[in-house]
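Report on the structure given below.
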Amino acid sequence: METQLSNGPTCNNTSNGPSTISNNCSSPVESGSIEDSKTNLIVNYLPQNMTQEELKSLFGSIGEIESCKLVRDKITGQSLGYGFVNYVDPKDAEKAINTLNGLRLQTKTIKVSYARPSSASIRDANLYVSGLPKTMTQKELEQLFSQYGRIITSRILVDQVTGVSRGVGFIRFDRRVEAEEAIKGLNCQKPPGATEPITVKFANNPSQKTSQALLSQLYQSPNRRYPGPLAQQAQRFRPNRFSPMAIDGVTSLAGINIPGHAGTGWCIFVYNLAPDADESILWQMFGPFGAVTNVKVIRDFNTNKCKGFGFVTMTNYDEAAVAIASLNGYRLGDRVLQVSFKTNKTHKA
DNA sequence: TCAGATT
């Protein structure tokens, strides 16, 4: 693989926000049985505002996608923060795991792994654990539970400020029967060395909460609706930074030149990419700064090598501006990148 | 003291 990046916004520390310790364990490459699909991936910890189209754009940068689905709440339509990507070629699925697992997008670190075959037996296998000793580590938590089955994820919630364990956590097993056995074996039991017993029970179901939140919104404040798509779009657009009268759409039609503004977001020009640069490097560089809707490496038609530049589209002006300020002059391998809002200049280089 | 992994 190519150059690894280690920079990004300084705000981003842990894998999924400051309040949790999380693993991205259960290495997917080694976990599949011979029966499992080698093309279908599950993608977890997606940013809340990421759309299915953006998911497809991100994973489509690796190879041809057979299908792609962002899972949403049935009632609210809100993203549940995970989705599925099914590639045509198993090699591309493997490549996606190798290149995109652990990619930072906004405040999240996405997890990419093979999807298990869907079945009833793997549902409702998630446990909520409380009363844990504050000193217990995630590894110790897993050790305690692993005797009951294969752990898919584990987590200990921590205080946002101090980073100290809150004594509660989650264990997701591969199968529900394993979770049931763990409750039987560990609920009301004292872990080794602990003075108090722990509580182990099934965790709340995820989609219930968002549905409830929506319903209470509807019933409690009927006059305070969420802003509709138009209002949201108007908020995203920041014309007064350049022109006091510009309005999204109108400016484009009127031919007023706003640097970088491409109608659907802010287009950023990235110059001095290496010939072997690919889309994933652009996702890696810009993803941590905010909502990226698209990336594109410009390649020579015949050689398929990068012509030295590419483009990145970001939804929000402020995030784009910070990304540009941070990445302009960034050293990628032996090259120093030039990063700016796209202009209408013709770039010949 | 419940984050967000099975379409």
Side-chain angles (χ1 to χ4, degrees), chain A residues 14-28 31-32 35-37 39-50 52 55-56 59 65-74 76-87 97 101 105-134 136 138 141 149-162 164-176 178-179 183 196 198-213:
Chain A
T14 65
S15 55
N16 292 295
S19 64
T20 60
I21 304 168
S22 172
N23 70 345
N24 268 354
C25 72
S26 67
S27 174
S31 66
E35 305 286 318
D36 293 350
S37 164
T39 58
N40 195 204
L41 303 179
I42 184 164
V43 187
N44 288 294
Y45 311 117
L46 293 167
Q48 174 58 226
N49 58 8
M50 192 168 193
Q52 182 165 297
L55 184 67
K56 188 171 185 180
F59 282 80
I65 291 173
E66 190 275 328
S67 63
C68 168
K69 179 165 189 178
L70 179 71
V71 180
R72 297 187 179 89
D73 183 277
K74 285 189 180 68
T76 67
Q78 294 282 306
S79 166
L80 293 182
Y82 68 94
F84 296 87
V85 176
N86 193 197
Y87 282 98
I97 291 173
N101 183 41
L105 292 176
Q106 300 170 230
T107 62
K108 304 284 190 175
T109 298
I110 69 169
K111 182 178 177 184
V112 184
S113 51
Y114 288 114
R116 291 170 287 164
S118 185
S119 83
S121 67
I122 69 172
R123 299 189 59 173
D124 305 313
N126 197 202
L127 298 179
Y128 173 71
V129 188
S130 57
L132 294 167
K134 298 284 170 38
M136 182 180 262
Q138 186 181 25
L141 180 68
R150 176 184 163 206
I151 295 170
I152 301 299
T153 55
S154 69
R155 171 159 297 176
I156 291 176
L157 303 188
V158 300
D159 184 279
Q160 280 194 278
V161 179
T162 65
V164 173
S165 166
R166 292 162 59 194
V168 300
F170 294 87
I171 294 280
R172 180 181 296 278
F173 279 101
D174 182 34
R175 294 178 298 135
R176 181 180 172 94
E178 297 169 338
I183 292 175
E196 299 299 322
I198 60 172
T199 301
V200 184
K201 54 189 190 180
F202 283 107
N204 296 157
N205 199 294
S207 49
Q208 289 165 359
K209 200 175 159 188
T210 43
S211 303
Q212 283 166 3

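Heavy-atom basis, side chains included; hydrogens, waters and symmetry copies ignored. Residue numbers begin at 1 in each chain, while the letters A, B, ... track the order of the sequences.
- For dA3(B), its base never sits under 3.5 Å from the side chain of Asn204(A) at any donor and acceptor pair.
- With hydrogens and angles left out, the side chain of Arg123(A) and the base of dT6(B) share no donor-acceptor pair within 3.5 Å.
- Leu46(A) places its CG atom 14 Å from the C1' atom of dT6(B), with the value rounded to the nearest Å.
- Using a 4.0 Å heavy-atom distance criterion, Tyr82(A) is classed as a sugar-phosphate-only contact.
- Ile171(A) and Ser154(A) make their closest contact through CD1-CB, 3.7 Å (heavy atoms, listed as atom of the first residue, atom of the second, distance).
- Not counting sequence neighbours, the partners of Asn86(A) by the side chain to side chain contact (heavy atoms under 4.5 Å, CB included) test are Thr39(A), Asn40(A), Glu66(A), Ser67(A).
- Here the shortest heavy-atom pairing between Ser165(A) and Gly167(A) reads OG-N, 2.9 Å.
- As rounded to whole Å, 14 Å separates atom P of dA3(B) from atom CG of Asp159(A).
- Proximity of Ser118(A) to the phosphate of dT7(B): a side-chain N or O atom is located under 4.0 Å from OP1 or OP2.
- Rounded to a whole Å, the CZ atom of Arg150(A) is 13 Å from the P atom of dT6(B).
- A donor and an acceptor atom, one from each side chain of Ser79(A) and Gln48(A), are nowhere located under 3.5 Å apart.
- Listed candidates were dA3(B), dT7(B), dT1(B). Nearest to the side chain of Phe170(A) is dA3(B).
- The phosphate of dT6(B) (OP1 or OP2) has a side-chain N or O of Arg172(A) nearer than 4.0 angstrom.
- In this pair, Tyr45(A) does not lay its aromatic ring on the base of dG4(B); centres under 5.5 Å and planes under 30 degrees do not both hold.
- Remark: Arg72(A) engages Gln52(A), Leu70(A) in a side chain to side chain contact (heavy atoms under 4.5 Å, CB included) (not counting sequence neighbours).
- Checking dT6(B), dT1(B), dG4(B) against the side-chain heavy atoms of Tyr128(A) singles out dT1(B) as nearest.
- In this structure, the CD atom of Gln160(A) is 12 Å from the C1' atom of dA3(B), given to the nearest Å.
- In this entry the distance linking NZ of Lys201(A) with P of dC2(B) reads 10 Å, nearest Å.
- In this structure, the nucleotide among dT6(B), dC2(B), dT7(B) sitting nearest to the side chain of Ile42(A) is dT6(B).
- For dG4(B), one of the phosphate oxygens OP1 or OP2 lies less than 4.0 angstrom from a side-chain nitrogen or oxygen of Lys108(A).
- Listed candidates were dT1(B), dT6(B), dG4(B). Nearest to the side chain of Arg166(A) is dT1(B).
- For the pair Leu80(A) CG and dA3(B) C1', the computed distance is 13 Å after rounding to whole Å.
- One can place CZ of Phe173(A) at 20 Å from P of dG4(B), the figure rounded to the nearest angstrom.
- If you take CG of Asp124(A) and C1' of dC2(B), they are 15 Å apart, rounded to a whole angstrom.
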